[in-house]
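Working notes, structure below.
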Amino acid sequence: MSGRRPALVVAIGGLDPSGGAGILADVRSIEAMGALPAAVVTAITVQSGTGLRSSRAVAPSLVLAQLDELLDALPVAAIKIGQVPTAQVARALGRRLSSRAIPVVLDPVLAATGGGRLAAPAAVRAIVSSLFPVATLVTVNLDEAAALAGVPVTNLAGMRRAAAVLASATGGAVLVKGGHLRAAPTDLLLNDGRETRMTSRRIRGSMHGSGCALASAAAAALAGGDDLATAVRRAREHVHSLIVSGVRIGRTRFRAPGPR
């Protein structure tokens, strides 16, 4: 084992008490990728993978106080942003991160897996205007891509159109995840105008929090020095292993215990 100090990654997002998604899932994926996790809570939710019961946003001042404490005290190598519940939180984070040269992976979580909104309509607009410009990588599923880009996204052509629209709003790259395509699951990475398609075999079933796992794993890979395409590929492999080894508890499929 090398003596190099592990990189530190800050996960910013909501607390899912089941641990299947949100910052608890982020922490596990960051650790599995060999990095050190820290977390900033933006919202406290009531959910367990079968639908969102309620969500309460943390005040923007307290979100920033958490983040500033970490940025001032620790050598943060990358940041992953998940649930941003209000426009005020989005704008506050955007202002703070605009002056920091730190890789940011933005996973704009708009709805819970089992249903229920995690971001108010005004927050969605603020995420685009305030957080897209500071993002190194934006990761979206088909529904999120359609909602944010304002175009239908049901096939690869729609993914390409949405990626182009979203890329115009960000200073970085866009990954449109095609796990729910009817055809073979294909993710589309648009980076500096260049498209990279990543196709894998379909795995039966799904897993609560797979989007959180992918984005946080990509952030950890970037923190460790990987280039963007390599970070995305490693994150996809991480999620693939989680889904394959996932276990069903109650009505929800979760990742298996232990690092992956």
Side-chain angles (χ1 to χ4, degrees), residues 11-16 21-23 25-26 40-47 51-64 67 79-98 104-154 158-180 188 190 208-212 214-216 218-219:
I12 303 175
L15 174 64
D16 172 359
I23 57 173
D26 293 335
V40 170
V41 182
T42 61
I44 298 175
T45 72
V46 179
Q47 60 176 316
L52 180 69
R53 310 302 176 214
S54 64
S55 178
R56 177 165 297 183
V58 174
S61 60
L62 184 53
V63 173
L64 287 185
L67 180 59
I79 291 172
K80 182 263 181 177
I81 303 176
Q83 184 187 2
V84 180
T86 66
Q88 292 85 349
V89 169
R91 288 193 287 265
L93 288 173
R95 287 193 297 269
R96 187 65 87 248
L97 296 177
S98 63
V104 175
V105 177
L106 173 63
D107 180 33
V109 183
L110 307 184
T113 301
R117 293 193 63 85
L118 291 169
V124 176
R125 295 190 293 271
I127 288 169
V128 174
S129 63
S130 297
L131 293 179
F132 270 50
V134 302
T136 305
L137 173 66
V138 175
T139 67
V140 288
N141 60 30
L142 299 184
D143 290 340
E144 291 162 349
L148 292 166
V151 298
V153 185
T154 58
M159 293 170 67
R160 295 181 67 189
R161 286 193 297 270
V165 171
L166 298 180
S168 68
T170 179
V174 175
L175 178 70
V176 182
K177 301 174 289 185
H180 293 142
L188 176 67
L190 183 61
H208 181 44
S210 58
C212 298
L214 187 144
S216 53

Start with the C-alpha gap between S210 and K177, add the side-chain angles, then the distance that decides, and say whether side chain to side chain contact (heavy atoms under 4.5 Å, CB included) holds. CA-CA 11 Å; S210 58; K177 301 174 289 185; over 6 Å; no
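- In this structure, T136 contributes its side chain and V104 its backbone to a donor-acceptor pair below 3.5 Å.
- The two residues I23 and V40 have their closest heavy-atom pair at CG2-O, 4.1 Å.
- No hydrogens or angles considered: a donor-acceptor pair under 3.5 Å links the side chains of Q83 and S55.
- Here the CG atom belonging to D107 is positioned 8.0 Å from the CG atom belonging to N141, to the nearest 0.5 angstrom.
- Of the inter-residue distances, the one linking T170 atom OG1 with L190 atom CG reads 10.5 Å to the nearest 0.5 angstrom.
- Other residues, nucleotides and ligands contribute over 12 non-hydrogen atoms within 6.0 Å of the CG atom of L64.
- S130 contributes atom OG, which lies 13.0 Å from atom CZ of R96 (distance to the nearest 0.5 angstrom).
- T42 has its side chain out of reach of V84: every pair of non-hydrogen atoms, C-beta onward, lies at least 4.5 Å apart.
- Taking OG1 of T139 as the start and CD1 of I81 as the end, the distance is 11.0 Å to the nearest 0.5 Å.
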Would C212 and K80 satisfy side chain to side chain contact (heavy atoms under 4.5 Å, CB included), going step by step from the backbone distance to the final call? CA-CA 9 Å; C212 298; K80 182 263 181 177; 4.1 Å; yes
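- One finds the OG1 atom of T154 at 8.5 Å from the CG atom of L142 (value rounded to the nearest 0.5 Å).
- Here the side chains of L131 and P108 are not in contact, with every heavy-atom distance at 4.5 Å or above.
- R56 is not listed as a side-chain neighbour of P85, based on a closest heavy-atom distance of 4.5 Å or more.
- Side-chain polar atoms of D16 and T45 form no donor-acceptor pair below 3.5 angstrom.
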Please lay out, stage by stage, how L137 and L175 fare under the test side chain to side chain contact (heavy atoms under 4.5 Å, CB included). CA-CA 7 Å; L137 173 66; L175 178 70; 4.1 Å; yes
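- Counting heavy atoms from C-beta on, the side chains of L148 and V128 come closer than 4.5 Å.
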Under the side chain to side chain contact (heavy atoms under 4.5 Å, CB included) rule, what do L97 and L67 come out as? Steps first, then yes or no, please. CA-CA 10 Å; L97 296 177; L67 180 59; 4.2 Å; yes
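- Of all non-hydrogen atoms in A162 and V153, the two that sit nearest each other are CB-CG2, 3.8 Å.
- Nearest heavy-atom pair, L106 versus A135, reported as atom, atom and distance to 0.1 Å: CB-CB, 4.1 Å.
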